[in-house]
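Below you'll find the structure, written out as structure tokens, and then a few comments.
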Amino acid sequence: MRNYTIGDVLARYHAMRGYNVMQPMGWDAFGLPAENAAIANNVPPAAWTYANIDHMRTQLQALGLAIDWSRELATCKPDYYRWEQWLFTRLFEKGVIYKKMATVNWDPVDQTVLANEQVIEGRGWRSGALVEKRDIPMYFFRITQYAEELLAGLDNLPGWPERVKTMQANWIGKSVGVRLAFPYALDGQDEKLWVFTTRADTLMGVTFVAVAAEHPLATRAAANHPELAAFIAECKQGSVAEADMATMEKKGMDTGLTVTHPLTGEPIPVWVGNYVLMSYGEGAVMAVPAHDERDFGFARKYGLPIRQVIAVDGETFSSDAWQEWYGDKARGVCVNSGKYDGLNHEQAVDAIAADLEKLGLGEKKTQYRLRDWGISRQRYWGCPIPIIHCDACGDVPVPAEQLPVVLPEDVVPDGAGNPLNRRADFVHCACPKCGQPARRETDTMDTFVESSWYYARYACPDANQMLDARANQWLPVDQYIGGIEHAILHLLYARFFHKLMRDEGLVSGDEPFANLLTQGMVVADTYYREDAAGKKTWFNPADVEVRDGIAVLKADGAPVIVGGTEKMSKSKNNGVDPQALIEQYGADTARLFTMFAAPPEQSLEWSDSGVEGAHRFLRKLWKASFDHVQAGVVAAHTAGELDDAAKSLRRQLHHTIQKVSDDIERRKQFNTAIAANMELMNALAKFDGMDAVSRSVRQEVLEAVTAMLAPIVPHICEALQAELKPGVKLAWPTVDESALVQDQIELMIQVNGKLRGQIRVSANADKASIETQALASEAVQKHSEGKQPKKVVVVPGRLVNIVV
RNA sequence: GCCCAGGUGGCGGAAUCGGUAGACGCAGCGGAUUCAAAAUCCGCCGCCGCAAGGUGUGGGGGUUCGAGUCCCCCCCUGGGCACCA
């Protein structure tokens with residue numbers, strides 16, 4: 001509700017300013033929540049999803065959002081996802097999409113792949129079984145091919161928040177380093193173990209290398225080493241989530257094999273490490289315990305040698321405890337490194353890379369942390385991947401004329417594997433190439449694919465192709481609004497997809513979203529109960545009551561566990577339905593309250609205390625206008641003599657117009673815009689003149705407030721406008737610069753930085769006369785204790801600080 | 001663990017470029033109105049203090065005439081970590 005209201009306020013504001021605004025709405029309809037609901041309630045995800053969409057549409061309409069419903073789309077409809085399938089086949093033929101093995105969470109009891117969210121403390125959410133890592137074939141988008149463009153493109157997005165750009169840049173993670181090899185011989189064959197490092201300057205300090213459990217070298221070593229085989233099996237337990245990998249205890253085991261140091265020729269032991277990922281880079285890392293904190297801990301734990309090869313002036317190395325400077329690239333110089341001694345980081349990397357290159361054992365390389373985007377999901381409720389597997393022809397993309405591959409909607413998943421595999425009518429088909437019986441791919445696409453291009457489809461929802469010329473007329477999106485939780489994945493994928501579509505000739509721009517507003521999360525408390533098997537049932541905050549610090553379920557009065565404050569989600573059942581609020585107070589109060597509670601970018605802990613205040617303000621606005629209109633509508637003030645009170649009210653009015661315009665347009669901060677209008681209304685309430693001039697100023701104020709609040713509370717403002725200015729459309733008010741002029745201003749007086757009083761000076765007084773007036777003021781006389789001023793700081797329009 | 005934010009009264013928050021900390025609102029307190037209540041209106045409202053004044057923006061240090069705002073260190077909360085979306 002919050003993000004849609006934000007969008008609607010901006011849309012209405014810009015419409016008032018004369019722009020042609022398109023505000024569309026669509027439903028990101030595929031995905032896990034629908035499958036979870038299906039499992040819980042035994043209804044097909046399709047039926048559940050359509051019912052949900054109807055419910056949400058009703059709510060959005062109740063909020064009075066100015067949405068162009070003729071452009072509505074749902075990503076689970078074949079007329080939407082067929083174009084996604086069409087593009088998939090094009091990209092597959094182009095090689096932008098390819099197939100490789102990838103590691104997933106496997107639940108051995110339910111025989112199904114689990115989402116990271118479904119792995120709780122290393123166990124499957126339904127079965128409770130220990131989760132294993134398993135390698136399966138998946139389709140990947142080559143997003144890494146666009147890594148450099150995605151990174152560089154951030155510089156062309158002035159309308160994006162800095163923090164989002166920083167997060168994306170870090171995620172892409174460009175680093176320049178050296179790819180180098182440790183040669184070894186195995187079964188009489190000469191092989192090379194490749195690693196990537198940004199610290200080639202520490203190469204002489206390598207005391208071991210660590211490989212992933214799945215690394216061929218590990219597999220080979222385990223063949224006649226049962227203990228190692230057992231360790232490798234242990235490494236394959238647990239989830240694939242990076243957070244789990246990074247926080248788990250680092251463990252390793254010696255393989256007994258060695259590789260050769262590329263420069264010294266020394267034998268280097270090979271270890272298997274549970275923290276080394278096969279799918280990351282080369283699946284192997286060189287370890288320099290003296291200068292890498294993680295390697296240091298690992299070496300201490302297993303008694304591996306620690307060899308200092310970097311020194312910093314004035315610091316003493318000790319292998320007893322890690323010190324920050326051990327990893328310092330900026331100050332360190334090489335020691336114990338033979339011919340490289342004395343070189344700094346950059347020089348040493350260059351020299352070592354050059355030597356490795358001569359040996360054919362390494363070269364400088366730019367690497368990205370970003371990995372290719374795996375989009376295969378072993379789930380039913382998603383867009384079918386348009387591939388047919390033929391024994392003779394291999395993976396064959398479905399020809400355009402056979403699209404869409406329609407997902408049957410009458411399926412109820414049960415949590416054990418993808419039910420599509422059991423749908424013979426879906427699986428069996430003929431190979432488009434040779435006509436022989438073949439099998440349809442049953443994996444579906446990551447739902448991020450649907451959400452990567454819907455914004456473009458809004459421009460041409462009825463086009464009989466993916467996008468037509470209208471997309472280029474509208475794009476890029478002027479104002480995109482999304483939760484900060486999308487800062488990396490969704491927004492990076494959408495940027496990537498836009499470039500894919502550009503390279504297919506579908507759009508002409510490089511970037512999809514010109515201005516981005518990342519709305520803060522709406523968070524609420526979570527409550528749950530746990531059954532004997534450890535399964536959690538989550539309760540909605542509306543059904544929970546907190547008494548004397550103990551949370552109890554209203555229904556049965558028995559306690560529930562407080563799960564902390566988290567973003568509203570279906571899985572934690574802590575969403576708040578705005579329906580009740582709208583029913584009790586009306587859409588305008590609900591909108592005003594939501595916009596007044598916090599600035600859009602900030603997260604908001606939901607609570608409806610304060611909603612009364614929003615409602616009260618609207619009643620006051622209504623009453624003030626009604627009283628004024630009762631006494632007769634007049635023309636708004638334009639010119640003529642005003643007394644001080646009227647002058648001051650007009651100054652506040654035009655100051656408010658200035659502020660509110662800036663708040664909405666530039667700062668996108670509505671709570672302060674609302675507050676400024678409240679202040680103005682408070683001032684108007686104290687302004688009681690009933691003469692013709694006073695009434696014309698009152699008319700001017702009421703007209704302006706009505707217009708300024710119209711984007712936020714459109715219904716009441718339209719009704720008020722009809723009374724105040726019948727037959728005239730609401731228009732954004734303009735600032736009368738002459739009303740802002742002041743002859744006298746107040747300056748604060750500080751003595752030694754402490755506020756001691758104020759003086760009134762003429763608005764155009766020069767620094768010298770201000771200083772004289774300040775020194776003569778009572779405040780300074782009293783607080784300077786007769787001492788001579790050492791320094792006088794005059795900040796024009798603000799304050800005077802006297803240092804004694 | 002890593003990356004990104006945030007932390008200001010009893011509460012939501014304001015302070016936009018280093019210049020009056022606490023705008024606006026909620027809650028509370030006092031008063032008016034009322035037979036009474038609701039609603040409405042007026043006033044008070046960071047903390048200590050009778051006052052003068054002191055003190056105060058997560059904690060510690062620093063820069064500056066002046067720091068909520070800038071710098072360094074630490075603590076806590078939230079978001080993300082590639083299969084929630």
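This one's a predicted model, so the numbers in the text were calculated from it and none came from an experiment. Letters go in sequence order (proteins before strands), and every chain restarts at 1.
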Gap between atom CG of Leu618(A) and atom CZ of Arg591(A) - 0.5 Å precision = 11.5 Å
From Lys782(A) atom NZ to Ile749(A) atom CD1, the distance as rounded to the nearest 0.5 Å | 14.5 Å
Answer whether the closest heavy-atom distance between the side chains of Phe497(A) and Phe448(A) falls below 4.5 Å.
-> no
Indicate, with a heavy-atom threshold strictly under 4.0 Å, whether Leu489(A) touches base, sugar-phosphate, or nothing.
-> base
For the ring pair Tyr493(A) and Phe141(A), is the centre-to-centre distance below 6.0 Å?
-> no
Rounded to the nearest angstrom, tell me the gap between atom NE2 in His490(A) and atom P in G79(B).
-> 19 Å
Check the distance between A82(B)'s P and Leu277(A)'s CG and give it to me in whole angstrom.
-> 10 Å
For the pair Trp381(A) (side chain) and Pro33(A) (backbone), establish whether a donor and an acceptor sit closer than 3.5 Å, ignoring hydrogens and angles.
-> no
Watson-Crick and G-U pairing of RNA chain B, under 3.5 Å, as dot-bracket with | and [ ] = (((((((..(((......[....))).(((((.......))))).(((....)))..(((((..]....))))))))))))....
Does A15(B) have OP1 or OP2 sitting under 4.0 Å from an N or O in the side chain of Gln669(A)?
-> yes
Answer with base, sugar-phosphate or nothing: what part of the nucleic acid does Ser451(A) contact at a heavy-atom distance below 4.0 Å?
-> nothing
Under 3.5 Å, which donor-acceptor pairs link side chains of residues 790-804 of chain A to any protein atom two or more places apart or in another chain?
{"residue": "Asn801(A)", "atom": "OD1", "partner": "Gly753(A)", "partner atom": "N", "Å": "3.0"}

From Leu492(A) CG over to Trp373(A) CH2, what is the distance, rounded to the nearest 0.5 angstrom?
-> 9.0 Å
SB check Asp110(A) Arg126(A) (cutoff 4.0 Å) | yes
Looking across every strand, which nucleic acid part, if any, lies under 4.0 Å from Met445(A) by heavy atom: base, sugar-phosphate, or nothing?
-> nothing
Which value, in whole Å, describes the distance between the P atoms of nucleotides G22(B) and U40(B)?
-> 27 Å
Expressed in angstrom and rounded to an integer, what is the separation of Leu747(A) atom CG from C65(B) atom P?
-> 21 Å
Selection from G1(B), C84(B), C83(B) that lies nearest to any side-chain heavy atom of Glu242(A) | G1(B)
Select from Val803(A) and Asp28(A) the residue whose nearest nucleotide in RNA chain B is closer to the 5' end of that strand.
-> Val803(A)
Would you mind classifying the nucleic acid contact of Ala597(A) as base, sugar-phosphate or nothing, using non-hydrogen atoms under 4.0 angstrom?
-> sugar-phosphate
Think Thr447(A) has a side-chain N or O under 4.0 angstrom from the OP1 or OP2 of A85(B)?
-> yes
Not counting sequence neighbours, list each pair that qualifies as a salt bridge (Lys or Arg N to Asp or Glu O under 4.0 Å) and has a residue in residues 367-384 of chain A.
-> Glu242(A)-Arg369(A), Arg377(A)-Asp446(A)
When all nucleic acid strands are considered with a 4.0 Å heavy-atom cut-off, which category describes Val113(A): base, sugar-phosphate, or nothing?
-> base
Tabulate protein N/O versus nucleotide N/O from nucleotides 50-60 of chain B, keeping only pairs under 3.5 Å, one per line.
{"residue": "G53(B)", "atom": "OP1", "partner": "Lys782(A)", "partner atom": "NZ", "Å": "3.2"}
{"residue": "G54(B)", "atom": "OP1", "partner": "Arg756(A)", "partner atom": "NH2", "Å": "3.3"}
{"residue": "G54(B)", "atom": "OP2", "partner": "Arg756(A)", "partner atom": "NH1", "Å": "3.4"}
{"residue": "U55(B)", "atom": "OP2", "partner": "Lys754(A)", "partner atom": "NZ", "Å": "3.0"}

Say whether, by atom type as modelled, one donor and one acceptor occur between the side chain of Gln602(A) and the main chain of Pro599(A) under 3.5 angstrom.
-> no
Donor-acceptor pair (no angle test) under 3.5 Å: Gln118(A) side chain, C84(B) base = no
In terms of base orientation, is G9(B) syn or anti, with the syn window spanning 90° either side of 0?
-> syn
Looking at Glu679(A) and Lys659(A), does any basic side-chain N land under 4.0 Å from a carboxylate oxygen?
-> no
If the C1' atom of C45(B) is compared with that of U34(B), how far apart are they to the nearest Å?
-> 26 Å
What form does the base of C72(B) take, syn (within 90° of 0) or anti?
-> anti
Whole-Å P distance, A14(B) and A82(B) = 33 Å
Thr247(A) near the nucleic acid: base, sugar-phosphate alone, or nothing, with a heavy-atom cut-off under 4.0 Å?
-> base
How would you label the contact of Phe617(A) with the nucleic acid (heavy atoms, under 4.0 Å): base, sugar-phosphate, or nothing?
-> nothing
Under 4.0 Å between a side-chain N/O of Arg619(A) and OP1 or OP2 of U40(B), yes or no?
-> yes
Starting from C1' on C84(B), measure out to CD on Glu35(A) and report it in whole angstrom.
-> 12 Å
Could you measure between the two P atoms, the one in C24(B) and the one in C74(B), and give it in whole Å?
-> 40 Å
Could you give the CG-to-P distance, from Asn36(A) to C83(B), as a whole number of Å?
-> 16 Å
Which pair of non-hydrogen atoms, one from Pro600(A) and one from Arg2(A), has the smallest distance, and what is that distance?
-> O-NH2, 3.5 Å
Give the rounded distance in Å between these two atoms: CZ of Arg667(A) and C1' of A14(B).
-> 9 Å
To the nearest angstrom, the CG-C1' distance between Asn116(A) and G80(B) comes to 13 Å
State the CG-OG distance between Asp28(A) and Ser451(A), to the nearest 0.5 angstrom.
-> 5.0 Å
Can Trp160(A) and Tyr480(A) be counted as having a side-chain donor-acceptor contact under 3.5 angstrom?
-> no
Nucleic acid footprint by protein, nucleotides 19-25 of chain B - heavy-atom cut-off 4.0 Å, B for base, S for sugar-phosphate alone | BB--BBS
For nucleotides C11(B) and U16(B), find the distance between their C1' atoms and express it as a whole number of Å.
-> 25 Å
Go through Asn418(A) and Asp443(A) one step at a time and tell me if the side-chain hydrogen bond (donor to acceptor under 3.5 Å, both in side chains) criterion holds.
-> CA-CA 8 Å; Asn418(A) 183 348; Asp443(A) 280 0; 4.8 Å; no
What distance separates Glu778(A) CD from Arg756(A) CZ, expressed to the nearest 0.5 Å?
-> 13.0 Å
Which value, in whole Å, describes the distance between the C1' atoms of nucleotides G7(B) and G58(B)?
-> 6 Å
Check: Tyr454(A) ring centroid to Trp27(A) ring centroid under 6.0 Å = no
Rounded distance in Å - CG (Asn418(A)) to P (C83(B)) = 17 Å
Report each atom pair, protein N/O against N/O of nucleotides 3-5 of chain B, whose distance is under 3.5 angstrom.
{"residue": "C3(B)", "atom": "O3'", "partner": "Asn170(A)", "partner atom": "ND2", "Å": "2.9"}
{"residue": "C3(B)", "atom": "O2'", "partner": "Asn170(A)", "partner atom": "ND2", "Å": "2.9"}
{"residue": "A5(B)", "atom": "O2'", "partner": "Arg163(A)", "partner atom": "NH1", "Å": "3.4"}

How far does the P atom of U63(B) sit from the matching atom of A15(B), given to the nearest Å?
-> 29 Å
Interatomic distance at P, G80(B) relative to U20(B), whole Å | 37 Å
